[in-house]
There are 2 protein chains.
Amino acid sequence: MKIATWNVNSIRTRLEHVTQWLTDTSVDVLCLQETKVVDESFPRSPFTDLGYHVYIYGQKSYNGVALLSRTPLENVSMGFAPEVADVDADLEEQKRVIAADFQGYRIVNLYVPNGSSVGSDKYDYKLRWFKVLHRYLQSLLAAQPQVLVCGDFNIAPEDRDIHDPKGREKQVMATEAERQALQAIADLGFADAFRKFNQEDGQFSWWDYRAAAFRRDLGWRIDLHYLSPPLYERAIACTIDKAPRKLEKPSDHAPVTVELTDS
Amino acid sequence: MKIATWNVNSIRTRLEHVTQWLTDTSVDVLCLQETKVVDESFPRSPFTDLGYHVYIYGQKSYNGVALLSRTPLENVSMGFAPEVADVDADLEEQKRVIAADFQGYRIVNLYVPNGSSVGSDKYDYKLRWFKVLHRYLQSLLAAQPQVLVCGDFNIAPEDRDIHDPKGREKQVMATEAERQALQAIADLGFADAFRKFNQEDGQFSWWDYRAAAFRRDLGWRIDLHYLSPPLYERAIACTIDKAPRKLEKPSDHAPVTVELTDS
DNA sequence: GAAGCGGACG
DNA sequence: CGTCCGCTTC
């Protein structure tokens with residue numbers, strides 16, 4: 001079983017890249033972020049034509065997440081409700097969370113707020129959002145010990161996940177407060193699937209469009225698969241596919257795939 | 001000597017087309033319209049690198065004219081002032097006129113208002129603008145009998161300059177009032193250089209982006225060179241180059257070149 | 001309806 | 001650098 005996460009930076013603009021990649025890789029579930037389209041305008045048929053079931057939670061212009069699956073998914077939920085009560089309205093407005101049951105476990109697909117710059121309102125929003133995510137995942141785990149949380153986390157977990165960790169404390173996606181928020185999630189009982197197989201630094205999933213960052217390999221590893229123990233046991237591979245990032249008009253993110261034993 | 005006029009519909013978007021065309025054609029002076037950029041952001045160096053001197057009169061988003069010349073130009077003037085006094089402020093606000101001395105004659109580069117639709121405020125603006133243009137050119141001719149006026153006139157002089165003249169009286173760019181305004185300019189002593197050499201109908205310089213107008217050759221001849229008698233005598237060719245209109249992401253206008261004897 | 005710009009966001 | 005949108009123009 002292969003589960004992939006890919007921030008596509010507009011599903012409409014990246015339609016060809018995504019359908020081609022699905023054809024090439026045959027992943028079982030693809031978790032998309034930054035679809036940037038309202039549900040009525042999501043291009044469903046290119047994916048149903050390939051045999052995928054489509055579950056979407058989108059909005060105009062920004063954010064938006066989706067699940068594509070070769071088999072139907074059960075109990076699809078959008079946003080933090082009803083797992084978490086009393087979520088600030090502004091944290092639920094942005095469409096960043098979609099989850100569903102697949103093969104007896106729960107897949108949670110996240111598009112974590114970027115945070116803009118340290119100390120900005122958006123940075124505060126990101127940290128508030130993580131507090132709610134913590135409660136949300138805590139609630140999920142209480143009901144179901146098998147959880148896979150993936151997506152664009154907009155945080156590099158460690159210094160080896162950044163091309164240049166110098167001065168990182170001032171850099172959004174690398175500050176101590178963000179890493180602590182991420183660690184609090186991990187402490188619920190999640191482990192980073194990629195690091196089960198690969199300890200090297202310089203393994204990136206995102207490269208800024210600016211400053212020829214991809215050509216110079218100035219990237220960050222911010223697209224992650226966090227697995228609860230029973231799934232972490234079953235993980236047999238986790239890979240970043242840089243090929244789509246080399247195409248014309250690419251997303252700034254590469255897809256990341258985790259493979260689990262069938263058990 | 002070759003003088004060309006080209007409405008490029010954004011010099012920044014069309015930069016490659018224009019530099020390539022200059023390289024291919026080696027015109028002496030290129031008169032640009034709809035540069036759509038403030039002077040500080042005009043891409044000067046691509047043209048200076050090709051050996052052109054650059055004179056610009058631009059504004060944000062709309063309008064904007066420029067002169068590119070292989071040799072330095074003298075007495076460059078922008079707008080109607082100081083030739084015409086007491087011009088309504090709204091007629092000078094839009095950057096549509098740039099002029100300069102070249103080889104002993106004056107080149108006037110115009111971007112005539114489009115006029116939107118008959119009876120609209122913009123249509124009235126266009127006719128008012130022509131009244132000032134008339135005074136402006138009258139003043140120029142009094143000082144200097146050798147004048148070349150070119151640009152996007154947004155008027156087709158005759159029915160043979162329109163793909164379908166039926167119902168043209170209701171069509172902006174072809175109404176009687178507009179043609180009379182244009183004729184009043186001609187009556188100052190200008191003649192249409194193109195018609196010195198070519199009497200055929202269906203000779204167009206502009207094709208709407210809509211309705212596959214270019215493919216179906218549904219165009220208009222609205223990009224003109226008007227020459228005062230001494231220059232008209234010297235004209236030895238006037239041609240519309242449709243090649244750039246066939247490129248990817250073209251301007252909706254083709255460049256029009258007039259050639260004069262060196263005399 | 002096609003295409004431009006500017007501004008927000010990343 | 002590249003997405004989206006609202007706006008304007010033609």
Side-chain angles (χ1 to χ4, degrees), chain A residues 7-15 17 33-38 41 58-64 94 96 111-117 120-123 125-126 152-155 171-173 206-216 218 220 222-223 245 247-253, chain B residues 7-15 17 33-38 41 58-64 94 96 111-118 120-123 125-126 152-156 171-174 206-215 218-220 222-223 245 248-253:
Chain A
N7 179 321
V8 290
N9 188 13
S10 171
I11 188 61
R12 286 177 294 183
T13 302
R14 224 67 62 203
L15 190 54
H17 289 17
Q33 303 91 38
E34 284 208 86
T35 53
K36 291 188 172 179
V37 67
V38 291
S41 303
Q59 66 180 88
K60 191 164 74 168
S61 301
Y62 304 114
N63 312 312
Q94 302 185 7
R96 296 179 174 277
Y111 175 49
V112 172
N114 170 277
S116 188
S117 58
S120 67
D121 287 353
K122 291 193 174 66
Y123 182 80
Y125 183 99
K126 183 177 190 172
D152 175 0
F153 279 76
N154 269 316
I155 298 178
Q171 285 256 67
V172 78
M173 304 197 296
W206 173 80
W207 301 260
D208 201 317
Y209 285 124
R210 287 163 282 194
F214 184 68
R215 186 181 50 75
R216 303 193 286 154
L218 307 180
W220 299 58
I222 60 179
D223 299 278
R245 177 68 243 232
L247 300 173
E248 284 290 294
K249 292 223 153 225
S251 168
D252 43 351
H253 294 254
Chain B
N7 178 322
V8 290
N9 188 14
S10 170
I11 188 59
R12 286 178 293 183
T13 302
R14 226 66 62 202
L15 190 53
H17 289 16
Q33 303 91 38
E34 284 207 85
T35 53
K36 291 189 172 178
V37 67
V38 292
S41 303
Q59 66 180 86
K60 190 164 74 167
S61 301
Y62 304 114
N63 312 312
Q94 301 184 8
R96 296 177 174 280
Y111 174 49
V112 171
N114 170 276
S116 189
S117 57
V118 179
S120 67
D121 287 354
K122 290 193 174 67
Y123 183 80
Y125 183 98
K126 183 176 190 172
D152 175 0
F153 280 75
N154 269 318
I155 298 178
Q171 285 256 67
V172 78
M173 303 198 297
W206 172 80
W207 301 261
D208 201 317
Y209 286 122
R210 287 165 282 194
F214 184 68
R215 186 180 53 73
L218 306 181
W220 299 58
I222 60 179
D223 300 277
R245 178 67 243 235
E248 285 290 294
K249 290 224 151 222
S251 167
D252 42 351
H253 294 254

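Below, each value reflects all heavy atoms present in this structure, side chains not excepted, and no hydrogens, waters or symmetry copies. Remember, it's a predicted structure, so these values are computed and weren't measured experimentally. Every chain is numbered from 1, with letters handed out A, B, ... down the list of sequences.
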**Student:** Check whether any side-chain nitrogen or oxygen of A:S10 sits under 4.0 Å from OP1 or OP2 of D:dG2, and answer yes or no.
**Tutor:**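 Checking D:dG2 against A:S10, no side-chain N or O comes under 4.0 Å of OP1 or OP2.
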**Student:** Could you tell me how far apart B:Q33 (CD) and C:dG4 (P) are, to the nearest whole angstrom?
**Tutor:**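 Between P of C:dG4 and CD of B:Q33: 17 Å.
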**Student:** Between A:R245 (CZ) and D:dT3 (P), how many Å, whole number?
**Tutor:**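 A:R245 atom CZ is separated from D:dT3 atom P by 11 Å.
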**Student:** Please state whether the phosphate of D:dT3, meaning OP1 or OP2, lies under 4.0 angstrom from any side-chain nitrogen or oxygen of A:T13.
**Tutor:**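 So the side-chain polar atoms of A:T13 never come under 4.0 Å of the phosphate oxygens OP1 or OP2 of D:dT3.
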**Student:** How long is the line joining CG of A:N7 and P of D:dC4, in whole Å?
**Tutor:**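 Rounded to the whole Å, the gap is 13 Å.
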**Student:** Got a list of protein N/O to nucleotides 6-10 of chain C N/O distances below 3.5 Å?
**Tutor:**
| from | atom 1 | to | atom 2 | distance (Å) |
| --- | --- | --- | --- | --- |
| C:dG6 | OP2 | B:R12 | NH2 | 3.3 |

**Student:** Looking only at the side chains, is there a donor atom on one of B:Y111 and B:E34 sitting less than 3.5 Å from an acceptor on the other?
**Tutor:**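 Present: a donor and an acceptor within the cut-off.
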**Student:** To the nearest angstrom, how far is B:R14 atom CZ from C:dA3 atom C1'?
**Tutor:**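 Result: 8 Å.
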**Student:** Quickly work out the A:N9 CG to D:dC5 C1' distance and round it to whole Å.
**Tutor:**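 Taking atom C1' of D:dC5 as the reference, CG of A:N9 is at 14 Å.
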**Student:** Just so I know, are the side chains of B:R96 and B:Q59 near enough to count as touching, which here means a heavy-atom distance under 4.5 Å?
**Tutor:**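 No - every pair of side-chain heavy atoms lies 4.5 Å or more apart.
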**Student:** Given atom NE2 of B:H17 and atom C1' of C:dG4, what is their separation to the nearest angstrom?
**Tutor:**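 After rounding, the reported distance stands at 14 Å.
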**Student:** What heavy-atom pair brings B:W220 and B:A156 nearest, and what distance separates the two atoms?
**Tutor:**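 Result for this residue pair: CE3-CB, 3.9 Å.
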**Student:** Within the side chain of B:K36, is there an N or O that forms a donor-acceptor pair under 3.5 Å with the backbone of B:T13?
**Tutor:**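 Judged by distance alone, no pair lies under 3.5 Å.
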**Student:** Out of B:D223, B:N9, B:V112, B:N114, which one pairs with B:D152 under the side-chain contact (heavy atoms from CB on, under 4.5 Å) rule?
**Tutor:**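 With B:D152 as partner, B:D223, B:N9, B:V112, B:N114 yield a single side-chain contact (heavy atoms from CB on, under 4.5 Å), made by B:D223.
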**Student:** Rounding to an integer number of Å, can you tell me how far B:F214 CZ sits from C:dA2 P?
**Tutor:**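 Taking atom P of C:dA2 as the reference, CZ of B:F214 is at 17 Å.
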**Student:** Working to the nearest 0.5 Å, report the span between CZ of B:F153 and CE of B:M173.
**Tutor:**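 If I round to the nearest 0.5 Å, the distance is 14.0 Å.
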**Student:** Could you tell me how far apart A:L218 (CG) and D:dC1 (P) are, to the nearest whole angstrom?
**Tutor:**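 Roughly 14 Å, once rounded to whole Å.
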